[in-house]
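So that we are looking at the same thing, I have put the structure below in structure tokens.
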Amino acid sequence: MKKRNWIILAGGLGIIALAAFATRASWMGGGASAQGPLRARVISVELAKAERKPVPVDVDSIGTVTPISSVALKSRVETTIVSVHFEDGAKVGEGDLLFTLDARQIDAQIEQAEGMLAKDQAQLEGAQRDLRRFSDLIGKGATTQVNVDNAKTQADILIGTIKADQSALDNLKVQKSFTIRAPFSGRISAANVKIGNFVRPADTAPLAVINQMAPVYVTFAIPQRVLVDLREAMATGDSRVIATIPGHQRSEDGKVAMVENSVDSTTGMITVRGIMNNANETLWPGILVNTKLIIRSEDAVTVPSAAVQRSQNGNFVFIMRDGKAHVEPIKVSRTFQGMSVVASGLSGGEDVIVDGQLLLSEGTPVAPRAPKAGA
């Protein structure tokens, strides 16, 4: 009896299963069959235009600001500082009086030299009178030729002595003129001496140092591979140098002033010096700056670097055409300020996808969306 009951139960369950399969459309709902096949998912993406525009060919480097002229002021005589006519770190102009030196000793030496000169001039006048007198007497036979010759010799000696006296006097006057003035405009350092300090030419420490602030040099190194392009740009006047202080937006423009005459064989780099106007004294001697050497500008197609994808076959971008994403292989030559310069693959004007590429493949339906806030 139990076996028969199990057979009847199994048969009933089978009938129920067949009935459920036959009526599946009614209890599962008829929407799926009415709508037909499921539509492919549309991916929301962010777009940007591939632009054809002039793009600079540049080289980035780290540079150092150096003054064109720098002078260490020293005394040329042994004397004492009487006055200091500037404030430490002040801006000075060409010819400004900086230090006044004690000239009392030189004044006394000048007076002494003037006295010696006056004495020798008086002796010369006496010798010349004697020469004229002996010359008159020799014609009358009242003196000898020896006296005439001696008088002439004495006059010649005194002429030479007067020349030496005049030279000594001129030298002292030159020394008195050694008041220390600024040889060019710039900024002066702190004074190493104050009023009353004794100074002399043998002192190793300068009285102060003046650096020229405008214009200034910026010295940096570039790879040897761009040397040929740089020389051609210098010949046409197209090269330009931009120096920016790290962490700040202020910068100064200039041009290439000099290229070193040899390449460093150990690094493959060559030193370049740019001259910057620096009218606002943005660049300070000694600081490090970010330099950008612009060699020339060329017309090229650019896309945001975020649009460029990489695969085993090279770089590519997704472009949107007819509402679908398509893979476009490209060749990137370089990057510039967040943009990739496309050497081949795009002609400009294409809608490239810059966000949402992870969900894309060839032919995926896409829809543009607004850029993210802050992008």
Inset, instruction - Could you grab the distance from atom CE of Met213 to atom CG of Asn211, nearest 0.5 Å is fine? - result: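 The CE atom of Met213 sits 7.0 Å away from the CG atom of Asn211.
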Inset, instruction - Could you check if a side-chain atom of Asn280 sits within less than 4.5 angstrom of a side-chain atom of Arg250, using non-hydrogen atoms only? - result: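 In contact.
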Inset, instruction - Return the minimal non-hydrogen interatomic distance between Val45 and Gly356, and the atom names on each side. - result: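 Here Val45 and Gly356 meet closest at CG1-O, 4.3 Å.
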Legend entry - Side-chain heavy atoms of Asp96 within contact of Phe86, under 4.5 Å: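 Side chain of Asp96 against side chain of Phe86, heavy atoms only: no contact under 4.5 Å found.
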Inset, instruction - Taking only Lys NZ, Arg NE, NH1 and NH2, and the carboxylate oxygens of Asp or Glu, determine whether Asp238 and Arg296 approach each other closer than 4.0 Å. - result: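 Here Asp238 does not pair with Arg296 in a salt bridge, since their nearest N and O are not under 4.0 Å apart.
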Inset, instruction - Could you grab the distance from atom OG of Ser239 to atom CG of Leu293, nearest 0.5 Å is fine? - result: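 That separation rounds to 7.0 Å.
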Legend entry - Polar side-chain atom of Glu111 near backbone of Gln109 as donor-acceptor pair, under 3.5 Å: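 Looks like no, no N/O pair under 3.5 Å.
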Inset, instruction - Applying salt bridge (charged side-chain N to carboxylate O under 4.0 Å, His left out), run through Asp253 and Arg240 and close with a yes or a no. - result: CA-CA 7 Å; Asp253 289 3; Arg240 192 159 61 98; 3.1 Å; yes
Inset, instruction - Answer yes or no: is there a donor N or O on one side and an acceptor on the other, between the side chain of Lys74 and the main chain of Asp203, under 3.5 Å? - result: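 Side chain of Lys74 to backbone of Asp203: a pair is present.
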Legend entry - Electrostatic pair Asp136-Arg132, nearest N-O below 4.0 angstrom: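 No.
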Legend entry - Donor-acceptor side-chain pairing of Glu260 and Thr271 below 3.5 angstrom: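 No, no side-chain donor-acceptor contact under 3.5 Å.
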Inset, instruction - Side-chain contact test, heavy atoms from C-beta onward, threshold under 4.5 Å: evaluate it for Val366 versus Leu360 and give yes or no. - result: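 SC-SC contact between Val366 and Leu360 confirmed.
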Legend entry - Test item: Val342 and Lys331 side chains (from C-beta on) under 4.5 Å apart, heavy atoms: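 No, too far: nothing below the 4.5 Å cut-off.
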Legend entry - Salt-bridge present (Asp351, Arg321; N to O < 4.0 Å):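 The answer is no: the pair does not qualify as a salt bridge.
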Legend entry - Step-by-step side chain to side chain contact (heavy atoms under 4.5 Å, CB included) determination, Val92 to Ile210: CA-CA 9 Å; Val92 297; Ile210 300 178; 4.2 Å; yes
Legend entry - Spacing of Gln123 atom CD and Ile157 atom CD1 [to the nearest 0.5 Å]: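 Here the rounded value is 11.0 Å.
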Inset, instruction - Evaluate the side-chain proximity of Ile188 to Leu98: yes if any heavy-atom separation is below 4.5 Å, no if none is. - result: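 The answer is yes, as the side chains (C-beta and beyond) meet within the 4.5 Å cut-off.
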Legend entry - Exercise: identify the closest heavy-atom pair between Ala243 and Val218: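 Result for this residue pair: CB-CG2, 4.2 Å.
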Legend entry - Heavy-atom pair with the smallest gap, counting every atom of Pro329 and Phe316: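 Scanning both residues completely, I find the closest heavy atoms to be CA-CB, 3.9 Å.
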Legend entry - Ser340 side chain to Thr335 side chain, donor-acceptor N/O pair below 3.5 angstrom: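 No, no side-chain donor-acceptor pair sits under 3.5 Å.
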Legend entry - Verdict with reasoning, Val59 to Lys292, per side chain to side chain contact (heavy atoms under 4.5 Å, CB included): CA-CA 6 Å; Val59 179; Lys292 184 181 294 293; over 6 Å; no
Inset, instruction - Following the transitive rule for hydrophobic clusters with a side-chain heavy-atom cut-off under 4.5 Å over Ile, Leu, Val, Met, Phe, Trp and Tyr, establish whether Val327 and Ile330 coincide in one cluster. - result: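 No, Val327 and Ile330 fall in different hydrophobic clusters.
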Inset, instruction - Find out if a path of hydrophobic residues (ILVMFWY) with successive side-chain heavy-atom gaps under 4.5 Å connects Val84 to Leu101. - result: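 Shared cluster, yes.
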Legend entry - Expected output: side-chain Thr244 to main-chain Ser251 donor-acceptor under 3.5 Å: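 No; judged by distance alone, with no hydrogens or angles, the pair does not exist.
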Legend entry - Exercise: identify the closest heavy-atom pair between Ala113 and Leu172: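 Heavy-atom minimum between the residues: CB-CD1, 3.9 Å.
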Inset, instruction - Dump the intermediate steps for side chain to side chain contact (heavy atoms under 4.5 Å, CB included) on Phe99 and Val193, then the final yes or no. - result: CA-CA 10 Å; Phe99 295 95; Val193 294; 3.9 Å; yes
Legend entry - salt_bridge(Glu298, Arg334) N-O dist < 4.0 Å: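 The answer is yes: the pair qualifies as a salt bridge.
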Inset, instruction - Give the intermediate values and the outcome of side chain to side chain contact (heavy atoms under 4.5 Å, CB included) for residues Val332 and Val308. - result: CA-CA 9 Å; Val332 177; Val308 179; 4.2 Å; yes
Legend entry - Any Ile295 side-chain heavy atom under 4.5 Å of Asp58 side chain: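 Sidechains of Asp58 and Ile295: no contact.
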Legend entry - Qualifying side chain to side chain donor-acceptor pair (under 3.5 Å) pairs, either residue in residues 75-88, two or more places apart: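 Counting only pairs at least two positions apart or across chains, the side chain to side chain donor-acceptor pair (under 3.5 Å) contacts touching residues 75-88 are His85-Thr100.
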Legend entry - Gap between atom NZ of Lys152 and atom CG of Leu131 - 0.5 Å precision: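 Rounded to the nearest 0.5 Å, the CG-NZ separation comes to 7.5 Å.
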Legend entry - Heavy-atom closest contact (Pro368 atom, Met320 atom, distance):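 So the two residues come closest at CD-SD, 4.0 Å.
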Inset, instruction - Verify the cluster assignment for Val216 and Val259: are they in a single hydrophobic cluster under the rule of side-chain heavy atoms below 4.5 Å apart? - result: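 In one cluster: yes.
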Legend entry - Backbone N/O of Thr153 and side chain of Asp156: donor-acceptor pair under 3.5 Å: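 No, Asp156 side chain to Thr153 backbone: no donor-acceptor pair under 3.5 Å.
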Legend entry - Expected output: side-chain Gln154 to main-chain Gln128 donor-acceptor under 3.5 Å: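 Answer holds: no.
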Legend entry - Side-chain heavy-atom pair Ile162, Leu124 within 4.5 angstrom cut-off: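 Result yes, sub-4.5 Å side-chain heavy-atom pair found.
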Legend entry - SB check Lys91 Glu281 (cutoff 4.0 Å):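 Counted as a salt bridge, because a side-chain N and a carboxylate O are separated by less than 4.0 Å.
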Inset, instruction - Decide yes or no for Val226 and Val228: does some side-chain heavy atom of the first lie under 4.5 Å from some side-chain heavy atom of the second? - result: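 Side-chain contact under 4.5 Å: no.
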Legend entry - Exam field: side chain Arg187 to backbone Gly89, donor-acceptor pair closer than 3.5 Å: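 Side chain of Arg187 to backbone of Gly89: a pair is present.
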Inset, instruction - Indicate the atoms forming the closest heavy-atom contact of Arg369 with Ser44, along with that distance. - result: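 It is CD-OG, 2.8 Å.
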Legend entry - Residues Arg104, Asp102: salt bridge by 4.0 Å N-O rule: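 Looking at Asp102 together with Arg104, the answer is yes, because their closest N to O distance falls below 4.0 Å.
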Legend entry - CD1-CD distance between Ile319 and Glu328, expressed to the nearest 0.5 angstrom: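 Separation between the atoms: 4.5 Å.
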Legend entry - Thr282 backbone acceptor or donor facing Asn278 side chain under 3.5 Å: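 Flag set: sc Asn278 to bb Thr282 pair under 3.5 Å.
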Legend entry - Straight-line distance of Ile222 CD1 to Leu227 CG, nearest 0.5 Å: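 CG of Leu227 is found 6.5 Å from CD1 of Ile222.
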Legend entry - Exam field: side chain Gln357 to backbone Ile353, donor-acceptor pair closer than 3.5 Å: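 Checking the backbone N and O of Ile353 against the side chain of Gln357, a donor-acceptor pair under 3.5 Å is found.
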Legend entry - Donor-acceptor pair, side chain of Glu46 and main chain of Val354, under 3.5 angstrom: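 Not at all, since once roles are kept as given, no pair shorter than 3.5 Å links the two residues.
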Legend entry - Test: Asp170 and Lys173 ion pair at under 4.0 Å: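 Looking at Lys173 together with Asp170, the answer is no, because their closest N to O distance does not fall below 4.0 Å.
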Inset, instruction - Tell me whether Ile287 is reachable from Phe220 by hopping between hydrophobic residues (I, L, V, M, F, W, Y) whose side-chain heavy atoms are closer than 4.5 Å. - result: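 Phe220 and Ile287: one cluster.
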Legend entry - Hydrophobic cluster identity match, Ile275 and Val65, side-chain contacts under 4.5 Å: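 No; Val65 is not reachable from Ile275 via cluster members.
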Legend entry - Side-chain (Asn277) to main-chain (Pro215) donor-acceptor, under 3.5 angstrom: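 A pair under 3.5 Å: no.
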